[in-house]
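Here the structure is a predicted model, which is why all the values come from computation and not from measurement. Throughout, residue positions are numbered sequentially from 1 according to the sequence presented.
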Amino acid sequence: FRRPSPRVPEEGTKIKAFHGTSSTAAKAIESGGFIPSKSGMLGPGVYCSRDPSKAESYGDTILKIEVDVGKVAVIEYQR
C-alpha cells in the first residue's frame, strides 16, 4: 500500500476510501446508505480510511467508497 497524496485531503475534495464492517451491515449500507454513529473515537460520524488494511480491522467486509471530504481529523497514533 502506498500512501495517497496529498497525505491529508483538503476539505471540499473527493477521495476514494474504505469502510470496514460486517457483511450484514454492508448489505444495509448498500440498500439504505450510511447511518452516522452516535459516538466513536472522534465523536459521531461515518469512519473510513484511505488504507484498506486499516478498514479490515473493523470488519470482514470492506466497502470502497467515494467520500466528499468535510472536517478532517488526523490521527498520528492511538493509545
Side-chain angles (χ1 to χ4, degrees):
F1 173 75
R2 187 176 355 154
R3 287 195 181 271
S5 183
R7 183 171 181 279
V8 178
E10 294 182 24
E11 187 174 336
T13 62
K14 290 182 188 253
I15 62 169
K16 300 288 187 216
F18 303 91
H19 179 81
T21 191
S22 68
S23 58
T24 302
K27 289 175 188 169
I29 291 166
E30 287 177 334
S31 67
F34 284 99
I35 299 173
S37 65
K38 293 186 180 0
S39 64
M41 188 169 129
L42 302 172
V46 173
Y47 289 75
C48 61
S49 174
R50 293 191 291 172
D51 181 348
S53 64
K54 179 71 173 176
E56 283 178 339
S57 65
Y58 292 95
D60 60 354
T61 302
I62 309 302
L63 301 176
K64 185 175 181 181
I65 57 178
E66 183 175 77
V67 177
D68 291 321
V69 177
K71 182 178 177 184
V72 176
V74 178
I75 303 169
E76 297 295 340
Y77 65 92
Q78 284 182 260
R79 295 181 184 165

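With sequence neighbours excluded, no residue forms a side-chain hydrogen bond (donor to acceptor under 3.5 Å, both in side chains) with D60. Partners of K38 under the side-chain hydrogen bond (donor to acceptor under 3.5 Å, both in side chains) rule, at least two apart in sequence or in another chain, do not exist in this structure. Every residue meeting the side-chain hydrogen bond (donor to acceptor under 3.5 Å, both in side chains) condition with E66, not counting sequence neighbours, appears here in chain and number order: K16.
The closest side-chain heavy-atom distance from E30 to L63 is below 4.5 Å. Taking the side chain as every heavy atom from C-beta outward, I62 and E56 approach each other to under 4.5 Å.
Across F18 and D51, no two heavy atoms sit closer than the pair CD1-C, 4.2 Å. Counting all heavy atoms, side chain and backbone alike, R50 lies closest to I15 at CD-CD1, 3.7 Å. Nearest approach of P36 to V46, heavy atoms of both residues: CA-CG2, 3.8 Å.
Judged by distance alone, the side chain of H19 and the main-chain N or O of A55 form no donor-acceptor pair under 3.5 Å. Remark: the backbone N or O of G45 is paired with a side-chain donor or acceptor of S37 at under 3.5 angstrom.
Taking NZ of K27 as the reference point, atom OG of S22 lies at 9.5 Å (rounded to 0.5 Å).
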